[in-house]
Number of protein chains: 2
Amino acid sequence: MAGNKRVTLAEVAALAGVSAITVSRAIRQPGIVSEKVKNRVEAAVRELGYVPNPAARLLATGRSNVIGVVIPSITNNVFADVVSGIYDAVEGTDFEVQLGNTRYSPSQEEGLLRIFSSQRPAGLIVAGIDQTAASLDMLASIDCPVVQIMELSADPVGHCVGLSHYEAARHASAHLVEQGYRRVGFLGARMDPRTQRRFSGFREVAEAAGVFDERRVCTTTTPSSVTLGSQLLADLLAKAPDVDAIFCNNDDLALGALFEAQRRRLSVPDQLGICGFNDLEMVSAAEPAITSVFIPRYQMGRQAVDLVTQGIASDGENPTEIRDLGFELRARRSTARKQD
Amino acid sequence: MAGNKRVTLAEVAALAGVSAITVSRAIRQPGIVSEKVKNRVEAAVRELGYVPNPAARLLATGRSNVIGVVIPSITNNVFADVVSGIYDAVEGTDFEVQLGNTRYSPSQEEGLLRIFSSQRPAGLIVAGIDQTAASLDMLASIDCPVVQIMELSADPVGHCVGLSHYEAARHASAHLVEQGYRRVGFLGARMDPRTQRRFSGFREVAEAAGVFDERRVCTTTTPSSVTLGSQLLADLLAKAPDVDAIFCNNDDLALGALFEAQRRRLSVPDQLGICGFNDLEMVSAAEPAITSVFIPRYQMGRQAVDLVTQGIASDGENPTEIRDLGFELRARRSTARKQD
DNA sequence: TTGACAAATGATAGCGCTGTCAAGAATGAT
DNA sequence: ATCATTCTTGACAGCGCTATCATTTGTCAA
């Protein structure tokens, strides 16, 4: 049953005493062949260890079983969870996942999409809504379900599964204000469009509450890291020593900021409130536990795949769906300034 | 140049005024067609936006450009970095990466390998050396370069790029002893074979130094997390309150243990030394910074791809290579008990 | 100029599978 | 028993590309 030479349909057919096309049908649509033949074919398949050749199938049908996934980073925990949801959702189906990594570069994304679209994918899942015009053109004209994830688009090219990062940031910022913090600051890394939307949410709430100050904003285009969070807090304290709370662009920064606060013997949450974003597992375990905004990363992956498979099942003509998966502020000790 | 209907070789050939096969050659082996024809073909390719159909190519050549990668988890930072190295190394070549996730299940691994081998991959990269007998059979008989990564095998099925986790753990454990800790413990999660090898390293060094005690070993088969690190330390302190240092199976546990120590006002490193494994970015940023064993994850990915591409270039008959990429103990404050 | 040889290009077949249509077998109503 | 209908099965062609061999063109020495 091992053996490394390929077994073809024809060989299975010969062994089962039927024609090749019948074997093909027995495998793909077991319902339409007779019980007897199906059993014979199954036995032959098992005996020879036959595995279909996907390339031949693809060539013959012009449709692949590959769901292309385009994300900006594979090391970022957020996308790792999304991808995990995608893989789990694909498990047990006939689909395969093909990952593409844009490294946060719109032009690399364009290149990846060009390649993907030339391979007649079964579906396409892309992170974000900030594609280039050319990328959007490709997505609009490609003949397969397309799902944008992470965010909600006012003008989606296909389906959309995500949440409003702007609203989520507003929520978190309002929480800081509610907790009594009056000199709130912002720590941001990478500053990609998604981050900037979070920043606007923060800024608007802070301004409305009259607690916004440019001096308390520390951002960089450098990729995020825990170490960077420490540095950014150090920079912020240098510029604005009176800051009493920070909203961090993501949890790495928040954790780094917590460590820096510990180094400086700044008590969290009393002297400094810290709020992160994403709610990675580690921030809930921190001491003190860090407040963060949970976003349903894993679910986004799963549901994106669902939309793709549904789109294929309904043969394309189902309406564009926009799923707002929301977010959840998880208030923890790091922002518990008021007694509770 | 956009357009979503496929452009075929034949159309390019017609436009360039040559035959299909000439176009094929102009693309794959530009050296063997005349300058004039090559230019005409290139112009036609550009004008039509031609992209080769990989399925047809695969069917015709019987060789795909897919490097299969089999790892136990996609969310684990360690593998994320390995995968990142793999993707970076593949970038700019003609190869593609196809990821398979075993979820630490040998039988799932076997299934994945079965699928991969049926697709005539260009190469196969698998994590670890603890495959089932059936998996090893497949790997041994498959007609493409195979690379086992993460560890060093005494009896590799193909190439090997990794390090001795046993030795690395010995090193880290010896460090704890050197620092003057005398009641060292071990925290372990998942307890997969790789983890167990680390445990043996720890155990042997601790026993040799006369500081080993079963009561100071806390392990679980649960997947690792920061929260789990806190719990395991709590369990350990309940069983053996006199423990003065811990070697943690990985950095998540180490960070969780640090947080738990902070909650209990146990001073690190004086009352409790903490050593992690992997040297993820976050532990170096922690307060106090956590000692850990760096392993060249990213490089493992890169070099695995190199071995695959070399193997293909040399057409199979290059000798099996075993690359020990080593490790590096990064001693930090969390184990700096002696004055320094 | 001619022939010998190399370089460049083309014709043909086929990779393994599935879509399409045609034919045969089974079923039920009359 | 006969015919119409459905259910099963098969023959054939072709998806887009490349391996192989055949042919044409170009180059150089005699």
Side-chain angles (χ1 to χ4, degrees), chain A residues 4-42 44-45 48-66 94 115 117-122 143 315, chain B residues 4-42 44-45 48-66 94 115 117-122 143 315:
Chain A
N4 55 357
K5 61 266 301 166
R6 312 268 328 200
V7 180
T8 71
L9 249 199
E11 298 171 54
V12 176
L15 180 61
V18 294
S19 72
I21 185 67
T22 300
V23 176
S24 173
R25 284 194 276 248
I27 290 171
R28 291 180 306 147
Q29 313 158 53
I32 68 166
V33 299
S34 69
E35 202 62 29
K36 205 167 40 176
V37 169
K38 192 169 69 191
N39 291 337
R40 279 220 310 277
V41 169
E42 278 171 3
V45 164
L48 297 173
Y50 170 73
V51 184
N53 180 331
R57 177 179 288 176
L58 168 53
L59 189 58
T61 60
R63 273 231 147 282
S64 86
N65 63 340
V66 169
D94 279 334
I115 293 174
S117 20
S118 76
Q119 314 205 5
R120 296 213 171 228
D143 179 33
D315 208 22
Chain B
N4 54 359
K5 60 262 303 163
R6 311 271 326 202
V7 180
T8 70
L9 248 200
E11 297 171 54
V12 176
L15 180 61
V18 295
S19 70
I21 184 67
T22 300
V23 175
S24 172
R25 284 196 276 246
I27 290 171
R28 292 180 304 145
Q29 313 159 54
I32 70 166
V33 298
S34 69
E35 203 62 29
K36 207 168 41 177
V37 167
K38 193 170 67 188
N39 291 336
R40 281 219 311 276
V41 168
E42 279 172 3
V45 164
L48 297 173
Y50 170 73
V51 184
N53 180 331
R57 178 177 288 175
L58 168 52
L59 189 56
T61 60
R63 273 234 146 278
S64 87
N65 64 338
V66 169
D94 280 334
I115 293 173
S117 19
S118 77
Q119 313 204 6
R120 295 211 170 227
D143 178 32
D315 209 21

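Throughout, a chain's letter reflects where its sequence line sits, starting with A, and its residues are numbered from 1.
Closest of all the heavy-atom pairs between B:P54 and B:P52 is CD-O, 3.2 Å.
In this structure, the CG atom of A:L58 is 18 Å from the P atom of C:dC15, given to the nearest Å. Nucleotide C:dC15 holds its P atom 18 Å from the CG atom of B:N53, rounded to whole Å. Put simply, CG on A:L59 is 4 Å from C1' on D:dC15, counting in whole angstrom units. One can place CG of A:L9 at 6 Å from C1' of C:dC17, the figure rounded to the nearest angstrom. Counting to the nearest Å, the P atom of C:dG14 and the CZ atom of B:R63 are 23 Å from each other. The CD1-P distance, from A:I27 to C:dG16, rounds to 15 Å in whole Å. One can place NZ of A:K36 at 8 Å from P of D:dT9, the figure rounded to the nearest angstrom. In this structure, CZ of B:R120 is placed 8 Å from P of C:dG16, rounded to the nearest angstrom.
Contact between the side-chain N/O atoms of B:T22 and the OP1/OP2 oxygens of C:dG10 is found at a separation under 4.0 Å. Residue B:S34 places none of its side-chain N or O atoms closer than 4.0 Å to OP1 or OP2 of C:dA8.
Closest-nucleotide positions on DNA chain C for B:V18 and B:A56 were compared, and the one nearer the 5' end corresponds to B:V18. Heavy-atom nearest nucleotides on DNA chain D were determined for B:A55 and for B:Q29, and the one closer to the 5' end corresponds to B:A55. Taking for each of B:A60 and A:T61 the nucleotide of DNA chain C with the nearest heavy atom, the 5'-most of the two is the partner of B:A60.
The side chain of B:S24 sits closest to D:dT18 out of D:dC17, D:dT18, D:dT9. For B:I21, the listed nucleotide lying nearest its side chain is C:dA11; candidates were C:dT20, C:dA11, C:dC17. When distances are taken from the side chain of B:V37 to each of C:dC17, D:dC17, C:dT9, the shortest belongs to C:dT9.
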Side-chain atoms of residues 12-26 of chain B: list all donor-acceptor pairs with protein atoms under 3.5 Å, sequence neighbours left out, distances to 0.1 Å.
from  : atom 1 : to    : atom 2 : distance (Å)
B:S19 : OG     : B:T22 : OG1    : 3.1
B:S24 : OG     : B:R28 : NE     : 3.3
B:S24 : OG     : B:R28 : NH2    : 3.2

Worksheet entry | Working for side chain to side chain contact (heavy atoms under 4.5 Å, CB included), residues B:E42 and B:N39 | CA-CA 5 Å; B:E42 279 172 3; B:N39 291 336; 4.0 Å; yes
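Here CG of B:L48 is found 9.0 Å from OG1 of B:T8. Values are rounded to the nearest 0.5 Å.
Side-chain N/O atoms of A:R25 and base N/O atoms of C:dG19 include no donor-acceptor pair closer than 3.5 Å.
Among the heavy atoms of the strands lying under 4.0 Å from A:R28 are primed sugar atoms or P, OP1, OP2 only; no base atom is included.
The backbone N or O of A:L58 lies less than 3.5 Å from no partner atom in the side chain of A:S64, so there is not a single donor-acceptor pair.
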